[in-house]
Amino acid sequence: QVQLVESGGGLVQAGGSLRLSCAASGRTFSFDHMGWFRQAPGKEREFIAHISWSGDFTYYTDAVKGRFTISRDNAKNTVYLQMNSLKPEDTAVYYCAATRVLSTTSNDYNYWGRGTQVTVSS
């Protein structure tokens, strides 16, 4: 079992920055690939970024490429999402998730946090 808890969300003006954190507990975190997803009201959950268990490989959806950075600290059992140049369309609930299969598909992720709200005002 892996328990995930997101934090760092909030209200920010367009062009601002936020850093989300996802703290993991339970089984050995360092063996899990980690992903960030988001879900806006009335929309399906969408993939944002993932990072391999070692941190050597990262991948981003085009909508956030160049603005968001995913990273992890296995010593702290934490994965981060640094979000810069935020836009109103980034407003959503952001979720972190864990998987043993590096994937952009939410169904491949076995464990999920409860999410943290990010609201970007124009």
note = Here the pair of heavy atoms bringing Ser21 nearest to Trp36 is O-CH2, 3.8 Å
inquiry  = Show the nearest heavy-atom pair for residues Ser52 and Arg72, with the distance to one decimal.
reply    = O-NH1, 3.0 Å
Straight-line distance of Arg114 CZ to Gln3 CD, nearest 0.5 Å = 11.0 Å
inquiry  = Any heavy-atom pair between the side chains of Thr116 and Leu20 that's under 4.5 Å?
reply    = yes
Tyr60 to Thr69 - nearest heavy-atom pair and separation = OH-CA, 3.3 Å
ask   = Got a second to check how far Glu46's CD is from Thr61's OG1, nearest 0.5 Å?
value = 6.0 Å
ask   = Is there a side-chain contact between Val12 and Thr119 (heavy atoms, below 4.5 Å)?
value = no
request  = Flag the pair Phe57 / Leu102 as yes when at least one side-chain heavy-atom distance between them is below 4.5 Å, and no otherwise.
outcome  = yes
key: Distance (rounded to the nearest 0.5 Å) between Ser106 OG and Glu44 CD   = 8.5 Å
request  = May I have the step-by-step check of side-chain contact (heavy atoms from CB on, under 4.5 Å) for Met34 and Leu4, ending in yes or no?
outcome  = CA-CA 10 Å; Met34 298 297 295; Leu4 303 172; 3.9 Å; yes
request  = Flag this pair as yes if the NZ/CZ of Arg19 is under 6.0 angstrom from the six-membered ring centre of Tyr80 and inside a 45 degree cone about the axis; otherwise no.
outcome  = yes
inquiry  = For the CD1 atom of Ile70 and the SG atom of Cys96, what is their distance to the nearest 0.5 Å?
reply    = 9.0 Å
task = Step by step, work out the side-chain contact (heavy atoms from CB on, under 4.5 Å) result for Tyr95 and Glu6.
result = CA-CA 7 Å; Tyr95 300 90; Glu6 302 94 338; 3.9 Å; yes
query = Backbone N or O of Trp53 within a donor-acceptor pair of the Asn74 side chain at under 3.5 Å?
reply = yes
request  = Enter the distance from Leu86:CG to Phe68:CZ here, rounded to the nearest 0.5 Å.
outcome  = 5.0 Å
key: Side chains of Asp108 and Thr99, donor plus acceptor under 3.5 Å   = no
message = Show, in sequence, the C-alpha distance, side-chain angles and deciding distance for Val118 and Thr91, and conclude whether the side-chain contact (heavy atoms from CB on, under 4.5 Å) test is met.
response = CA-CA 5 Å; Val118 172; Thr91 295; 5.9 Å; no
ask   = Just wondering, are more than 12 heavy atoms of other shown residues or ligands nearer than 6.0 Å to NZ in Lys65?
value = yes
inquiry  = Under a 3.5 Å cutoff, is there a donor and acceptor pairing between the side chains of Thr105 and Asn107?
reply    = no
key: Nearest heavy-atom neighbours spanning Ser122 and Pro88   = CB-CG, 3.8 Å
message = According to side chain to side chain contact (heavy atoms under 4.5 Å, CB included), who are the partners of Ser85, at least two apart in sequence or on a separate chain?
response = Arg67
key: Non-hydrogen side-chain atoms of Val101 and His33 separated by less than 4.5 Å   = no
inquiry  = Could you report the tightest heavy-atom contact between Asp90 and Arg38, atom names first, then the distance?
reply    = OD1-NH1, 2.9 Å
task = Can you label the angle between the His50 ring and the Phe47 ring as parallel, tilted or perpendicular, going by 30° and 60°?
result = perpendicular
note = SG of Cys22 to CH2 of Trp112, rounded to nearest 0.5 Å, is 11.0 Å
ask   = Are Leu81 and Tyr111 connected in a single hydrophobic cluster, I mean Ile/Leu/Val/Met/Phe/Trp/Tyr linked by side-chain heavy atoms less than 4.5 Å apart?
value = yes
query = Under 6.0 Å between ring centres, would you say that holds for Tyr109 and Phe37?
reply = yes
task = Would you name the heavy atoms of Ser17 and Gln82 that are closest together and state the gap between them?
result = CB-NE2, 3.9 Å
